[in-house]
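Here the structure is laid out as structure tokens; the discussion comes afterwards.
Counting begins at 1 with the first residue of the sequence. Hydrogens, waters and symmetry mates are skipped; everything else that's a heavy atom, side chains included, is used.
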Amino acid sequence: MDAHPKYPDDADLRRLLRFMPDEGSIWLGDRRMVLLHTAALGALRHDLITSVGTEHARRVLTRMGYACGLRDAEFAKRLRGDQPWNEMFLVGPQLHMLEGAAKVTPVKTDIDLEAGRYYGEYRWDHSWEAYAHREKLGLAEEPACWILLGYASGYTSAFMGRLVLFKETTCAACGADHCHIVGRPIEEWPDGEAQRAYLEPDSLLQKIEALSQQVEALRSTLEPAAAGALIGQAPMFRRAYELLRKAAGTQVTVLLTGETGVGKERFARALHELSERRSGPFVAVNCAALPGELIEAELFGVEKGGYTGAHAARSGRFERADGGTLFLDEVGEMPLAAQAKLLRALQEGEIERIGSEATRKVHVRVVAATNVDLEAAVAQGRFRRDLLYRLNVYPIRIPALRERPGDIEALALSMLSRFSALHGKRIAGISERAMQALATHPWPGNVRELENLIERGVILAAQDEWIELQQVFPEAPEAHRQAGLGPQGQLADVDSREQRELLQRVLASGLPLDQLEQRLLEAAVSDARGNLSAAARRLGITRPQLAYRLKRAESPSSETP
């Protein structure tokens with residue numbers, strides 16, 4: 001029994017608290033935080049109690065605190081995982097004080113992790129929750145620090161591996177000068193089973209949610225091209241989708257363009273599902289993946305003996321897609337000989353198998369896709385101009401993922417649901433820091449890259465836990481200098497050792513500040529190959545701000561002193 005455990009130094013916690021006003025965010029390590037008025041929280045508490053009743057309000061607020069405690073326990077294990085167990089455990093009380101919840105004073109603790117034994121008494125002074133309750137609702141008849149109790153219970157339960165329940169024996173909301181709490185395993189409380197409902201989610205609801213995710217994943221697997229599978233609200237994406245929707249009611253040949261990984265096949269499948277051909281087959285072929293000598297046989301079929309090794313007649317992709325849609329991906333890589341036959345199939349609606357002189361009518365809607373500049377390929381003699389004109393009747397450019405950053409979160413959450421069901425895992429969600437990293441990543445691999453990262457995160461994350469930054473970007477560096485707290489709690493700058501060394505080298509160079517800024521701007525633009533938007537993202541400013549600073553650097557005499 002340790003009557004008065006001593007707190008370790010909390011400098012490691014203070015260093016992790018970062019204020020980033022330019023981003024509009026506050027971070028504690030990899031978790032996003034927010035400052036809220038206690039008056040606003042008190043108003044929320046008042047509205048919950050008066051609208052749904054004290055019992056339901058208590059359950060909601062206790063569960064909220066419990067969830068926060070579970071997350072902070074994982075944070076504590078990562079932060080002080082190499083330190084003695086008691087110092088690791090005391091991260092929770094220290095965080096409570098750092099976050100302004102209450103002053104926490106340990107009174108008595110008896111903890112044996114291996115035996116699963118826990119007993120803890122703590123004193124809370126200046127509980128924000130007791131203060132907020134009294135401000136809005138007056139003196140309470142029963143202890144009312146529900147969020148703080150839920151936090152203590154969730155935090156301790158995560159460490160002990162069993163449900164630990166904290167209760168208030170004294171509460172400032174009832175008029176006392178401080179709060180006093182006691183925690184022990186829930187089985188050791190006479191009314192433990194009655195209290196369990198405040199801490200544990202309804203298992204039936206969990207099962208329903210898990211089943212719903214599996215059904216949704218199966219639906220997206222069976223119908224990957226349903227119109228609803230195309231997720232996005234960005235203007236450029238909506239324009240592309242609107243063009244697709246208008247083309248669906250016609251028989252026009254569609255050419256989908258865009259970078260690798262933007263989802264051209266998903267667009268092609270959506271076009272098929274929106275059209276009158278939805279009951280027919282959808283056949284996809286990657287022209288770049290087929291050897292040049294076989295692509296004609298794959299597309300148009302072959303008769304027995306049509307070439308060496310053709311021991312039986314075989315239909316091609318055009319015949320298999322009869323009555324439906326044929327998707328020709330990477331059409332720019334098709335050999336010239338096959339291009340001539342493709343042109344005839346598009347113009348005449350008929351194909352000719354290799355080794356046959358008979359033509360066969362096919363009723364196929366062709367959707368082609370490419371990530372290369374077909375005009376340049378024509379100029380280089382690698383692509384037929386007449387075929388380009390035939391394919392380019394109705395072009396649709398699909399925007400790159402970096403051009404629609406507002407869609408990243410919705411896409412990531414949809415993928416999370418699908419991969420969670422696919423791999424049989426329950427994932428709590430994507431952490432704030434990981435989501436911010438996804439939102440600012442340049443996405444050279446577009447939607448396909450996002451899919452890969454989310455699937456990796458689902459595989460690496462523990463059951464019922466969050467996908468963290470390091471599980472999505474294993475080698476993600478600290479992107480830039482951030483503001484934090486000094487030892488006395490005042491705002492201070494926190495630099496990494498590499499950043500401090502860089503600053504020292506800059507200072508030693510003697511380069512004036514205005515020249516330093518100009519060279520930094522020019523270097524960012526040069527690295528981005530003249531793309532001002534990309535350069536601005538690297539510098540952490542907006543494109544108009546970058547353009548203004550570049551213009552100012554070019555004509556400093558035009559500035560008003």
Side-chain angles (χ1 to χ4, degrees), residues 1-7 10 38 41-42 45 54-55 57-73 76 86 88-113 116-134 137 139-160 162-200:
M1 177 81 71
D2 187 354
H4 299 288
K6 302 296 183 182
Y7 283 122
D10 68 350
T38 55
L41 293 171
R45 183 188 193 87
T54 301
E55 195 67 14
R58 177 184 174 185
R59 186 177 188 278
V60 168
L61 296 177
T62 304
R63 279 290 304 157
M64 184 174 76
Y66 187 83
C68 291
L70 291 177
R71 294 210 66 195
D72 274 0
N86 63 316
M88 191 194 318
F89 181 79
L90 288 174
V91 166
Q94 288 181 293
L95 276 177
H96 245 185
M97 292 191 284
L98 184 61
E99 294 167 359
K103 177 185 177 183
V104 185
T105 304
V107 178
K108 294 179 182 179
T109 57
D110 181 16
I111 305 172
D112 187 331
L113 188 61
R117 186 176 71 251
Y118 181 85
Y119 178 84
E121 287 187 40
Y122 295 86
R123 171 176 171 147
W124 286 339
D125 288 281
H126 318 303
S127 160
W128 77 263
E129 198 169 7
Y131 169 79
H133 187 96
R134 291 179 61 172
L137 297 161
L139 286 176
E141 296 181 1
E142 295 182 355
C145 294
W146 303 325
I147 297 177
L148 301 190
L149 283 172
Y151 179 95
S153 299
Y155 184 86
T156 308
S157 298
F159 267 95
M160 297 304 301
R162 62 186 300 191
L163 191 55
V164 175
L165 172 66
F166 273 86
K167 298 175 69 174
E168 280 183 290
T169 58
T170 303
C171 183
C174 300
D177 63 348
H178 70 278
C179 302
H180 186 273
I181 65 170
V182 175
R184 55 168 66 104
I186 195 166
E187 299 85 1
E188 298 179 13
W189 290 99
D191 61 344
E193 285 307 307
Q195 298 290 325
R196 189 183 294 271
Y198 295 112
L199 303 178
E200 294 184 337

Taking the side chain as everything from C-beta on, heavy atoms only, tell me whether [X] gets closer than 4.5 Å to [Y].
| X | Y | answer |
| --- | --- | --- |
| E129 | W146 | yes |
| E188 | L165 | no |
| F89 | T156 | yes |
| L113 | M160 | yes |
| L199 | T62 | yes |
| M97 | Y7 | yes |
| Y151 | F166 | no |
| Y119 | V182 | yes |

Partner residues of C174 under the side-chain contact (heavy atoms from CB on, under 4.5 Å) criterion, sequence neighbours left out: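 With neighbours one apart ignored, the set is A140, P143, C171.
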Carboxylate-amine/guanidinium proximity below 4.0 Å for K108 and D110: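 No, this pair does not count.
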Note: E55-R58 ion pair, threshold 4.0 Å (strictly below):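 The answer is no: the pair does not qualify as a salt bridge.
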Check against side-chain contact (heavy atoms from CB on, under 4.5 Å), Y155 and L95: CA-CA 11 Å; Y155 184 86; L95 276 177; 5.6 Å; no
Going from [atom1] on [X] to [atom2] on [Y], what distance comes out if it is rounded to the nearest 0.5 angstrom?
| X | Y | atom1 | atom2 | answer |
| --- | --- | --- | --- | --- |
| S153 | R196 | OG | CZ | 12.0 Å |
| L61 | R45 | CG | CZ | 5.5 Å |
| L90 | T109 | CG | OG1 | 8.0 Å |
| I147 | L41 | CD1 | CG | 6.5 Å |
| T169 | H180 | OG1 | NE2 | 5.0 Å |
| Y122 | C179 | OH | SG | 15.5 Å |

Which atom names give the shortest non-hydrogen contact between [X] and [Y], and what distance separates them?
| X | Y | value |
| --- | --- | --- |
| A76 | F159 | CB-CZ, 3.9 Å |
| A176 | T170 | CB-CG2, 3.3 Å |
| R59 | A197 | NE-O, 2.9 Å |
| G116 | P185 | O-CG, 4.4 Å |
| W124 | L149 | CH2-N, 3.8 Å |

Test side-chain contact (heavy atoms from CB on, under 4.5 Å) applied to R134 and L139, step by step: CA-CA 5 Å; R134 291 179 61 172; L139 286 176; 3.7 Å; yes
Pair R184-W189, side-chain contact (heavy atoms from CB on, under 4.5 Å): steps then yes or no: CA-CA 7 Å; R184 55 168 66 104; W189 290 99; 3.0 Å; yes
With a cut-off of 3.5 Å and sequence neighbours excluded, list every side-chain donor-acceptor pair involving residues 100-107.
none

